[in-house]
Amino acid sequence: MHLDCPFPLEAVPSRFRHVLLGEFNGRCPSVREVDEIPDKHWLTAPGMGPTSLQIIRNITNAARQQEVSEIASPRLSDAELLRRLEGLQEDLRWLEAQLKARMPKAQAPASRAQPRNAK
């Protein structure tokens, strides 16, 4: 799980799930958003106690550690990165062709166009 993933509401008790959703006006926040709220604030919320806070911190700490370990360790070999780059370039060429096909035909430049009042 990454910090920018939605917070796993199913991993917390239902009473805290309601507190969490209330804090974010009914929307599911990201793990990062939950992590940024200080413990002191969480503990003042009704229905929130040290046990629920510990569940939250276990989730946010695990996400933070995973993100750090992914940054620190190389994930793809040079050959894999090159294949991925070539695939992305191919996708880009395809998108460019799609955009060109959908754009209106270019009009003649103004210098070549005949003036309206020309006789």
Side-chain angles (χ1 to χ4, degrees):
M1 174 185 334
H2 294 278
L3 288 171
D4 293 320
C5 289
F7 189 86
L9 294 173
E10 68 282 352
V12 296
S14 62
R15 69 181 186 286
F16 176 66
R17 191 174 309 138
H18 296 294
V19 172
L20 187 87
L21 291 171
E23 184 68 31
F24 292 94
N25 299 319
R27 71 174 177 81
C28 180
S30 69
V31 175
R32 183 182 313 276
E33 289 174 310
V34 173
D35 187 42
E36 290 173 349
I37 294 181
D39 292 353
K40 196 181 261 188
H41 179 80
W42 281 126
L43 290 172
T44 62
M48 183 64 176
T51 304
S52 296
L53 180 61
Q54 188 58 49
I55 292 170
I56 292 169
R57 290 305 168 215
N58 289 342
I59 292 168
T60 58
N61 290 340
R64 206 175 322 110
Q65 288 173 353
Q66 181 180 357
E67 201 165 271
V68 167
S69 69
E70 286 179 358
I71 291 170
S73 64
R75 291 177 263 174
L76 300 173
S77 69
D78 288 348
E80 291 169 323
L81 287 170
L82 186 56
R83 278 193 297 276
R84 181 169 283 181
L85 174 63
E86 289 168 349
L88 289 170
Q89 287 173 332
E90 185 178 323
D91 291 347
L92 184 59
R93 285 189 293 273
W94 180 84
L95 284 169
E96 185 178 33
Q98 294 297 313
L99 286 172
K100 283 182 181 178
R102 293 180 185 207
M103 292 178 71
K105 300 290 182 199
Q107 297 178 353
S111 61
R112 293 183 189 172
Q114 293 283 334
R116 288 186 184 197
N117 297 333
K119 293 186 180 181

Approximate separation, where rounding is to 0.5 Å, of [X] [atom1] and [Y] [atom2]:
X	Y	atom1	atom2	answer
L85	D78	CG	CG	11.5 Å
I56	D39	CD1	CG	8.5 Å
R83	L88	CZ	CG	13.0 Å
R64	R57	CZ	CZ	7.5 Å
L82	E86	CG	CD	4.0 Å
R93	Q89	CZ	CD	6.0 Å

Is it the case that atom CD in E90 sees more than 12 heavy atoms from other parts of the structure closer than 6.0 Å?
no
Is the shortest side-chain heavy-atom distance between [X] and [Y] below 4.5 Å?
X	Y	value
P29	R27	yes
I37	F24	yes
W42	L20	yes
M48	L53	yes
P8	V31	yes

Exercise: identify the closest heavy-atom pair between [X] and [Y]:
X	Y	answer
A45	V19	CB-CG1, 3.5 Å
A63	L3	CB-CD2, 3.9 Å
R15	G47	NE-O, 3.5 Å

Could you go through I55 and F16, starting from their C-alpha distance and side-chain angles, then the distance that decides it, and tell me whether this counts as side-chain contact (heavy atoms from CB on, under 4.5 Å)?
CA-CA 10 Å; I55 292 170; F16 176 66; over 6 Å; no
No-hydrogen, no-angle side-chain donor-acceptor test under 3.5 Å, Q65 and N61:
no
